[in-house]
A.B. asks: 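So that we are looking at the same thing, I have put the structure below in structure tokens.
Everything numeric here is computed off the predicted structure, so don't read it as measured data.
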Amino acid sequence: MSVAAKTEVKGMSDAEVVKAYLTASMIPDPDAAVAYLKPGTIITFTGGREFDHPRGPTGFNARRYRWVKKKMDRFDVCPGAEETVVYSIGTLYGEWLDGTPFEGNRYVDRFVVRGGLIVKMDVWNDSAERILVQMGIEA
């Protein structure tokens, strides 16, 4: 992590760290996003897929969406003695691989932040359900 990134993260609230991570991830710029993660952080993505770098979810999303962004509706912050849990709740919008636009796809991301850096991330959304419906399978 660069000195500038360390300085930037140091002055941010835990919710701001999460928002900055998500913003960098949506560009997508996984190399900028990693500045907000403690080394060794595991990202557990939809379907239980585990990644150790933001490139993992970016690569997975490239096989599911032409492009995707998050409409971040709110951040729920749950401070603890040694860590903070931050939930980002909102909807996804973008285009499926076939170019069909979508919006209103619910998501919840759960982050554990310790010492100003993300140490764990869990991701859930309704994309799989929507893909089933596209395939004519009652979800």
A.B. asks: Mind checking the NZ-OG1 spacing from K71 to T91? Nearest 0.5 Å is all I need.
C.D. replies: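 It comes to 5.0 Å.
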A.B. asks: Can you check side-chain contact (heavy atoms from CB on, under 4.5 Å) on I118 and V17, steps first, answer last?
C.D. replies: CA-CA 8 Å; I118 297 165; V17 167; 4.1 Å; yes
A.B. asks: Under a plain distance cut-off of 3.5 Å, with no hydrogens placed, do N105 and S127 share a side-chain donor-acceptor pair?
C.D. replies: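 Yes, side-chain donor-acceptor contact under 3.5 Å.
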A.B. asks: Could you tell me if the side chain of I131 sits less than 4.5 Å from the side chain of W96, heavy atoms only?
C.D. replies: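 Sidechains of I131 and W96: in contact.
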A.B. asks: So, Y87 versus F111, ring centres under 6.0 angstrom or not?
C.D. replies: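 No; F111 has its ring centre 6.0 Å or more from that of Y87.
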A.B. asks: Return yes if some donor-acceptor pair links the side-chain N/O of D29 with the main-chain N/O of A32 below 3.5 Å, else return no.
C.D. replies: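 The answer is yes, because a donor-acceptor pair under 3.5 Å joins these two groups.
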A.B. asks: Specify the closest pair of heavy atoms between G56 and F51, including all atoms of both residues, with the distance to one decimal.
C.D. replies: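 Answer, listing the atom of G56 first, then F51: CA-CD2, 3.3 Å.
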A.B. asks: Is V112 reachable from Y36 through a run of hydrophobic residues whose side-chain heavy atoms are each under 4.5 Å from the next?
C.D. replies: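 Different clusters: Y36 never reaches V112 through Ile, Leu, Val, Met, Phe, Trp or Tyr contacts under 4.5 Å.
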A.B. asks: With heavy-atom distances below 4.5 Å as the criterion, would you say the side chains of L117 and L37 are in contact?
C.D. replies: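 Side-chain contact under 4.5 Å: no.
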A.B. asks: Taking atom OG1 of T46 and atom CG of D122, what is their separation to the nearest 0.5 Å?
C.D. replies: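 That separation rounds to 11.5 Å.
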A.B. asks: Looking only at non-hydrogen atoms, find the nearest pair between S25 and A33 and report the distance.
C.D. replies: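 Heavy-atom minimum between the residues: OG-CB, 3.6 Å.
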A.B. asks: What are the two closest non-hydrogen atoms of T58 and P28, and how far apart are they?
C.D. replies: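 Minimum heavy-atom contact is CG2-CB, 3.9 Å.
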A.B. asks: Taking it one step at a time, do K70 and L22 satisfy side-chain contact (heavy atoms from CB on, under 4.5 Å)?
C.D. replies: CA-CA 8 Å; K70 290 184 177 184; L22 290 172; 3.8 Å; yes
A.B. asks: Is the number of heavy atoms from other residues, nucleotides or ligands under 6.0 Å of K38 NZ greater than 12?
C.D. replies: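 No, not enclosed.
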A.B. asks: Calculate, to the nearest 0.5 Å, the distance between atoms CZ and CG belonging to R130 and L92 respectively.
C.D. replies: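 One finds 8.5 Å between CZ of R130 and CG of L92.
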A.B. asks: Please say yes or no: joined through hydrophobic side-chain contacts below 4.5 Å, possibly via intermediate residues, are L132 and V68 part of one cluster?
C.D. replies: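 L132 and V68: one cluster.
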A.B. asks: Near K120 NZ, under 6.0 Å, is it more than 12 heavy atoms from other residues, nucleotides or ligands?
C.D. replies: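 Counting neighbours around NZ of K120, more than 12 heavy atoms of other residues, nucleotides or ligands fall under 6.0 Å, so yes.
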A.B. asks: Of the options M26, E16, M121, which is the one that meets Y21 in a side-chain contact (heavy atoms from CB on, under 4.5 Å)?
C.D. replies: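 Result: among M26, E16, M121, M121 is the only option passing the side-chain contact (heavy atoms from CB on, under 4.5 Å) with Y21.
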A.B. asks: Report the residues that fulfil salt bridge (charged side-chain N to carboxylate O under 4.0 Å, His left out) with D52, sequence neighbours left out, ordered by chain and then residue number.
C.D. replies: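 Expected list: none.
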A.B. asks: Under 3.5 Å, is there a donor on one side chain and an acceptor on the other for S88 and Y107?
C.D. replies: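 Short answer, yes.
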A.B. asks: Do T23 and M72 have side-chain heavy atoms sitting under 4.5 Å apart?
C.D. replies: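 The answer is yes, as the side chains (C-beta and beyond) meet within the 4.5 Å cut-off.
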A.B. asks: For V77 versus P79, what's the shortest heavy-atom pair and its separation?
C.D. replies: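 Smallest interatomic distance, heavy atoms only, reads O-CD, 3.4 Å.
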A.B. asks: Can we call the ring centroids of Y93 and F102 under 6.0 Å apart?
C.D. replies: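 No, the ring of Y93 stays outside the 6.0 Å limit from the ring of F102, centre to centre.
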A.B. asks: Can you find a heavy atom in the side chain of P57 that is under 4.5 Å from one in the side chain of I43?
C.D. replies: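 Yes; the side chains approach each other to less than 4.5 Å.
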A.B. asks: Just by distance, with hydrogens left out, do D14 and T84 show a side-chain donor and acceptor under 3.5 Å apart?
C.D. replies: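 Yes - a donor-acceptor pair under 3.5 Å links their side chains.
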A.B. asks: Applying side-chain contact (heavy atoms from CB on, under 4.5 Å) to F45 and E50, what does each step give before you reach the verdict?
C.D. replies: CA-CA 6 Å; F45 215 61; E50 290 187 346; over 6 Å; no
A.B. asks: When you group the ILVMFWY residues by side-chain heavy-atom contacts below 4.5 Å and let the links chain together, are V18 and V85 in the same group?
C.D. replies: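 Shared cluster, no.
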A.B. asks: Which pairs pass salt bridge (charged side-chain N to carboxylate O under 4.0 Å, His left out) with one or both residues in residues 58-68, sequence neighbours excluded?
C.D. replies: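 Applying salt bridge (charged side-chain N to carboxylate O under 4.0 Å, His left out) to every pair that reaches into residues 58-68, excluding sequence neighbours, yields R66-E95.
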A.B. asks: Can you tell me how far the CZ atom of R106 sits from the CH2 atom of W124, to the nearest 0.5 Å?
C.D. replies: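 Nearest 0.5 Å value for the CZ-CH2 distance: 13.0 Å.
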A.B. asks: Would you indicate whether the side-chain heavy atoms of L97 and Y65 approach each other to under 4.5 Å?
C.D. replies: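 Not touching, per the 4.5 Å side-chain cut-off.
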A.B. asks: Within a strict 4.5 Å, meaning less than it, do heavy atoms of the V119 and V113 side chains meet?
C.D. replies: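 A side-chain contact is absent here, since even the closest heavy-atom pair is not under 4.5 Å.
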